[in-house]
Amino acid sequence: MSASLANLAAWAASARPAHVPADVMALALVQHVAAAGTVRAARGTASGQACAAAGGAQGHTAVLACTNLDDYLLAARTGLGALPAAWASPSGTLAEWLTHTVVANEVAGRVGLALSLRHRPDRADLRGPAVASAVVRARLSGAKAADMLRAIAGAVAGADTVEVAAAAGVAGALASASAIHGSNPAAGDDLADLAGAGQVLGSALGAEGQTWLSRTLVVKRWPSTPWGEVAIEAVNVILARHMKAAEKRLRTDQVDRIEIRTAFAPPATEAAASGLELPAAAAWSVVTAVGLLVAHHELHPGLMEPGAAGDKEADMVAMLTRVSVLHDWRLSVREARATATGLGPVLGEAGVRAVLGAAQKLVIGRPAAAEVLPILRERPWEVPAALRRNGGLASVDVDAYAHHFPVEAKLYTTRGGWWPERRAKPVGQGAGARVVAEARYGSGAEGLLAADLSAPAAGFVQALLA
């Protein structure tokens, strides 16, 4: 591989606050505040209490996993493992403690990116959060390079991807939390051997201390998958626009149907979530989440509890048959072009054929004759050209990188009209991450985000989780 896990582990063991840019440190604060807001809100729900009963880091991770309301980076859900592990042992100054989170983001994000060609949208990948947890715990124990390597290797070898059904609900969240924070020492630094058969993008492991994946942080506004969050926001915008125009909320009996067109992966996620219990399925199913949103004109983990819908439950259930998630070849090409443009120097290491082959596994069927011309208008020939660039992670402009999940939503009313919305980017990225974090945490967020980095971390964590 063009970069080694051993070199990355050595950097992870030696990185100090002075090595971390100020904006990256600020994003780590945002991560903690946003996740703590989810944990605090979950205390009033039966599911949240059942997850928290596991105690410590596992309890907090289970809460975040059950709600699917956590953060993610370019290629991994790092906060799911890193933040609860850090909360369990706050020590040193706030700057020193936050550095553990930043380093975990960087290492786990690189591992996730290196394994990205193995991604399956119908499974939850626990390796990223497991690596993030292992890095934080290793740094808190003062691990040197060799110990850090063993911790990272053990996390990769010990965690895996699991079916959505096995990751959902309280039982799935508790099992995931156990795997994420488990200890499984392993020897070796070959990521391909540790993670099993399949293509590994070794160049994703480099550029440590130079390219900061933390800058791709997204704080979810809605409990869902990354693509699902964009789709839910699209419907939310339509509902808000209708209310402004009509000066009253749109009722469920006024909705004829909602069509959500997406790229190739989301329908597979939706199919994997089809058998989950209602209304908890909203954490994984956009159909269920949109049903709740239209019925209540809001969506939060409390509404995903059994019986929480109250007299709106019938409205929510009725909506489930009126919401459809459809694959659109135009949007698939659009997403592929954006991905290749942003990550070509890393993905291209595998070769154009290997990357397109991995994407092909996500596709069901072939485009109809009528779809060919719209596909060509999206310039699919630019994808191979973008993948032929080289330079590895150091050549990726993560400061300009934008998570791209193109969605086209249309809400059709029973009167025959329709309301459209097109979106591609999550709202909780860049400056939006802080906005979403403050809204999720509520009163006190602003003070936490302005905390003195030279103050003790223990006091900050106590206030954070109060």
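Predicted model, so just to flag it, every value in this text is computed and none were measured.
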Checklist entry - Crowded around E163 CD? As in, over 12 foreign heavy atoms under 6.0 Å? => result no
Checklist entry - So, do L83 and H60 sit near enough that their side-chain heavy atoms are less than 4.5 Å apart? => result no
Item to check | L213 side chain reached by V398 side chain, heavy atoms, under 4.5 Å | outcome: yes
Next on the checklist: Less than 4.5 Å apart, side chain to side chain, heavy atoms only: is that true for L276 and S285?
Outcome noted: no
Next on the checklist: Using a 3.5 Å distance criterion without hydrogens, assess whether the side chain of T321 forms a donor-acceptor pair with backbone atoms of A318.
Outcome noted: yes
Checklist entry - Hey, what's the ring geometry for H403 with Y72, parallel, tilted or perpendicular (30° and 60° as the breaks)? => result perpendicular
Item to check | Pairwise distance CE(M316) to CG(L292) - rounded to 0.5 angstrom | outcome: 5.0 Å
Next on the checklist: Could you measure the distance from the CG atom of L448 to the CD atom of E438? Nearest 0.5 Å is fine.
Outcome noted: 10.0 Å
Item to check | Exercise: identify the closest heavy-atom pair between G37 and Y441 | outcome: N-CD1, 3.6 Å
Item to check | ring pair (Phe, Tyr, Trp, His ring centres under 6.0 Å) partners for F405, two or more places apart | outcome: none
Next on the checklist: Do V235 and I260 make a side-chain contact, defined as non-hydrogen atoms from C-beta onward lying under 4.5 Å apart?
Outcome noted: yes
Next on the checklist: Determine whether a donor-acceptor pair (N or O, by modelled atom type, separation under 3.5 Å) exists between the side chain of H297 and the backbone of L250.
Outcome noted: yes
Next on the checklist: Tell me whether E277 at atom CD has more than 12 heavy atoms from other residues, nucleotides or ligands lying less than 6.0 Å away.
Outcome noted: no
Item to check | Stepwise side-chain contact (heavy atoms from CB on, under 4.5 Å) check, D256 with W418 | outcome: CA-CA 9 Å; D256 180 71; W418 54 277; over 6 Å; no
Next on the checklist: Can you give me the closest heavy-atom contact between G428 and V436, atom names plus distance?
Outcome noted: CA-CG2, 3.8 Å
Item to check | Test side-chain hydrogen bond (donor to acceptor under 3.5 Å, both in side chains) applied to R241 - qualifying residues, sequence neighbours left out | outcome: E421
Item to check | Gap between atom CD of E259 and atom CZ of R322 - 0.5 Å precision | outcome: 14.0 Å
Checklist entry - Ignoring hydrogens and geometry, is there a side-chain-to-backbone donor-acceptor pair from R221 to I232 under 3.5 Å? => result no
Checklist entry - When you look at R379 and R337, which way does the side-chain contact (heavy atoms from CB on, under 4.5 Å) test go after all the steps? => result CA-CA 8 Å; R379 309 186 303 281; R337 198 175 71 245; 3.3 Å; yes
Checklist entry - Just by distance, do the side chain of T45 and the backbone of A42 share a donor-acceptor pair under 3.5 Å? => result yes
Item to check | side-chain hydrogen bond (donor to acceptor under 3.5 Å, both in side chains) partners for H100, two or more places apart | outcome: R139
Item to check | Test log, rule side-chain contact (heavy atoms from CB on, under 4.5 Å), inputs R257 and S324 | outcome: CA-CA 8 Å; R257 68 189 188 279; S324 56; over 6 Å; no
Checklist entry - Taking atom CD of E446 as the centre, does the number of heavy atoms from other residues, nucleotides or ligands within less than 6.0 Å exceed 12? => result no
Checklist entry - Shortest non-hydrogen contact from R118 to V200? => result NH2-CG2, 3.3 Å
Checklist entry - Is there a donor-acceptor pair under 3.5 Å between the side chain of Q429 and the backbone N or O of P426? => result no
Checklist entry - What residue pairs, at least two apart or across chains, pass ring-ring contact (aromatic ring centres under 6.0 Å, His included) with a residue in residues 217-253? => result H242-W419
Checklist entry - Passes side-chain contact (heavy atoms from CB on, under 4.5 Å), R40 versus L465? Steps please. => result CA-CA 7 Å; R40 290 182 354 139; L465 298 176; 5.6 Å; no
Item to check | L201 CG to L113 CG distance, which is reported to the nearest 0.5 Å | outcome: 6.5 Å
Next on the checklist: Applying the salt bridge (charged side-chain N to carboxylate O under 4.0 Å, His left out) criterion to E408, which one of R423, R261, R422 satisfies it?
Outcome noted: R422
Checklist entry - Taking R110 for the side chain and G206 for the main chain, is one N or O donor matched with an acceptor at less than 3.5 Å? => result yes
Checklist outcome for this item: Residues at least two apart in sequence or cross-chain that pass salt bridge (charged side-chain N to carboxylate O under 4.0 Å, His left out) with R389, listed by chain then number, are none
Checklist entry - Is there a donor-acceptor contact under 3.5 Å from the side chain of E349 to the main chain of G202? => result yes
Checklist entry - Under a 4.5 Å cut-off applied to non-hydrogen side-chain atoms, are P223 and L299 in contact? => result yes
Checklist entry - Should we say atom CZ of R415 is surrounded by more than 12 heavy atoms from elsewhere, each under 6.0 Å from it? => result no
Checklist outcome for this item: When rounded to the nearest 0.5 Å, the distance separating CG of L74 from CG of L393 is 8.0 Å
Checklist entry - Taking C-beta and beyond as the side chain, do R440 and L69 meet within less than 4.5 Å on heavy atoms? => result yes
Item to check | Residue pair S176 / T61, side-chain heavy-atom distance below 4.5 Å | outcome: no
Checklist outcome for this item: All heavy atoms of A336 vs all of V383, minimum pair found to be C-CG2, 4.0 Å
Checklist outcome for this item: Here the gap from W87 atom CH2 to T101 atom OG1, rounded to the nearest 0.5 Å, amounts to 9.5 Å
Item to check | Minimum side-chain heavy-atom gap D160-R123 below 4.5 Å | outcome: no
Item to check | side-chain hydrogen bond (donor to acceptor under 3.5 Å, both in side chains) involving T339 - partner list, sequence neighbours excluded | outcome: none
